[in-house]
Visitor: 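Below is one structure. I have some questions about it.
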Amino acid sequence: WHITLSRFLRDYLYIALGGNRNGSTRRYRNLLITMLLGGLWHGAAWTYVVWGGLHGIYLCLNHGWRALCDKTGITRSLESPLLTLVYIICTFLAWSLALVVFRAPDLKTSISVMAPGFTEFSIQQNYLLNSTVATSTLGKFFEALGFASGSYLSVYLTLGVSAVVIWVLPNTQTYMRAFDPALGAAGDASRGLVNMQWRPGIMNALITAFMLSAGLLSLSAISEFIYFQF
């Protein structure tokens, strides 16, 4: 039997607090409490509290939006492919915003990173983006091919390849859906990616070896475990 952090929070915090059994107001309260505690589980810092609080707010907005659509009877009219794309983009941006807070050493730094995105509109990459790309595995790969580190081409090639990986390729659960490490059983969601399912063979062995080698070669500095000080 497998358990993830999400399942733990749902089964042992959200449901234990009452879940959605006592009305919408208490459901929103339970969501916020659960996500705040989920943030604290990652570490005793305000960045993790804010990160958990943001996810709690996102969940409350999602439930509120769904309830409003059901109440007004406009649910079906909002299920168009175009609006689905809008929902996906909004979710990705909201998740990315929370991730900035999660990864920042403190709240002041997270604000300084996010603020230019709301006040400045420029394709000029900043120092933080350049340094992040230059130290990434893809950045080193493009540098080995002759692209200057931190140049427009290397930065946007890295961002482009990363976007394809995020938006197009299957995640680990989808990739391993038909096997024991994956949560859940194979279903309709895996049909479109049937050719990208994991299978024992030479190709998967080579891909795994390449990814493992790239990961080992990118270990250029000591990094503390994320829960080291918790």
Side-chain angles (χ1 to χ4, degrees), residues 2-11 13-15 19-20 23-25 27-32 34-36 38-39 50-103 110 113-123 129 138 155-179 181-198:
H2 304 279
I3 188 168
T4 63
L5 176 60
S6 298
R7 288 188 175 185
F8 175 82
L9 293 175
R10 181 194 65 188
D11 295 345
L13 285 177
Y14 178 68
I15 293 178
N20 58 357
S24 59
T25 301
R27 176 178 63 181
Y28 297 143
R29 181 205 65 181
N30 295 337
L31 284 171
L32 283 172
T34 299
M35 296 313 298
L36 285 170
V50 173
W51 175 80
L54 283 172
H55 279 79
I57 292 172
Y58 296 159
L59 287 172
C60 290
L61 289 174
N62 175 65
H63 283 285
W65 173 249
R66 288 176 178 270
L68 177 64
C69 291
D70 291 339
K71 187 174 182 179
T72 56
I74 61 174
T75 302
R76 286 194 172 276
S77 61
L78 295 176
E79 293 179 349
S80 67
L82 180 60
L83 284 176
T84 298
L85 179 61
V86 173
Y87 300 150
I88 292 173
I89 293 174
C90 289
T91 301
F92 179 76
L93 292 176
W95 176 84
S96 299
L97 187 69
L99 189 61
V100 171
V101 181
F102 184 87
R103 295 293 297 172
S110 67
V113 172
M114 290 186 292
F118 294 96
T119 60
E120 301 175 9
F121 301 93
S122 172
I123 63 171
L129 179 59
L138 277 173
V155 168
Y156 288 113
L157 274 175
T158 303
L159 292 177
V161 172
S162 300
V164 171
V165 171
I166 293 171
W167 292 98
V168 179
L169 296 184
N171 59 33
T172 54
Q173 295 298 309
T174 306
Y175 186 62
M176 301 290 292
R177 185 176 294 275
F179 299 89
L183 296 172
D188 294 338
S190 64
R191 290 181 181 176
L193 298 168
V194 65
N195 293 325
M196 301 188 73
Q197 296 293 300
W198 184 85

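The figures that follow rest on heavy atoms only: side chains count, while hydrogens, waters and symmetry mates do not. Remember, it's a predicted structure, so these values are computed and weren't measured experimentally.
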Visitor: Considering only distance and modelled atom types, tabulate donor-acceptor pairs under 3.5 Å from the side chains of residues 84-96, sequence neighbours left out.
Guide:
from	atom 1	to	atom 2	distance (Å)
T84	OG1	S80	O	2.9
Y87	OH	L78	O	3.3
T91	OG1	Y87	O	2.8
S96	OG	F92	O	2.8

Visitor: Taking C-beta and beyond as the side chain, do L97 and Y58 meet within less than 4.5 Å on heavy atoms?
Guide: yes
Visitor: What distance separates R27 CZ from L59 CG, expressed to the nearest 0.5 Å?
Guide: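 Between R27 CZ and L59 CG, I get 10.5 Å after rounding to 0.5 Å.
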Visitor: Of all heavy-atom pairs between L32 and I57, which one has the smallest distance, and what is that distance?
Guide: CD2-N, 3.7 Å
Visitor: May I ask you to check whether over 12 heavy atoms, not counting those of R10, lie within 6.0 Å of atom CZ?
Guide: yes
Visitor: Provide the closest heavy-atom pair for S110 versus V100 in the form atom of the first, atom of the second, distance.
Guide: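 Result for this residue pair: O-CG1, 3.9 Å.
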Visitor: Give me the atom names and distance for the closest heavy-atom approach of V101 to W51.
Guide: CG1-N, 4.2 Å
Visitor: Report the distance from atom CG of L13 to atom CE of M35, rounding to the nearest 0.5 Å.
Guide: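 If I round to the nearest 0.5 Å, the distance is 10.0 Å.
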Visitor: So, taking the atom named CG in L54 and the one named CG in L99, what distance separates them when rounded to the nearest 0.5 Å?
Guide: 11.5 Å
Visitor: Can you name the nearest heavy-atom pair linking L68 to T72, along with the distance?
Guide: O-OG1, 2.8 Å
Visitor: Testing the basics here: between N30 and G19, what is the closest heavy-atom pair and its distance to 0.1 Å?
Guide: ND2-O, 2.9 Å
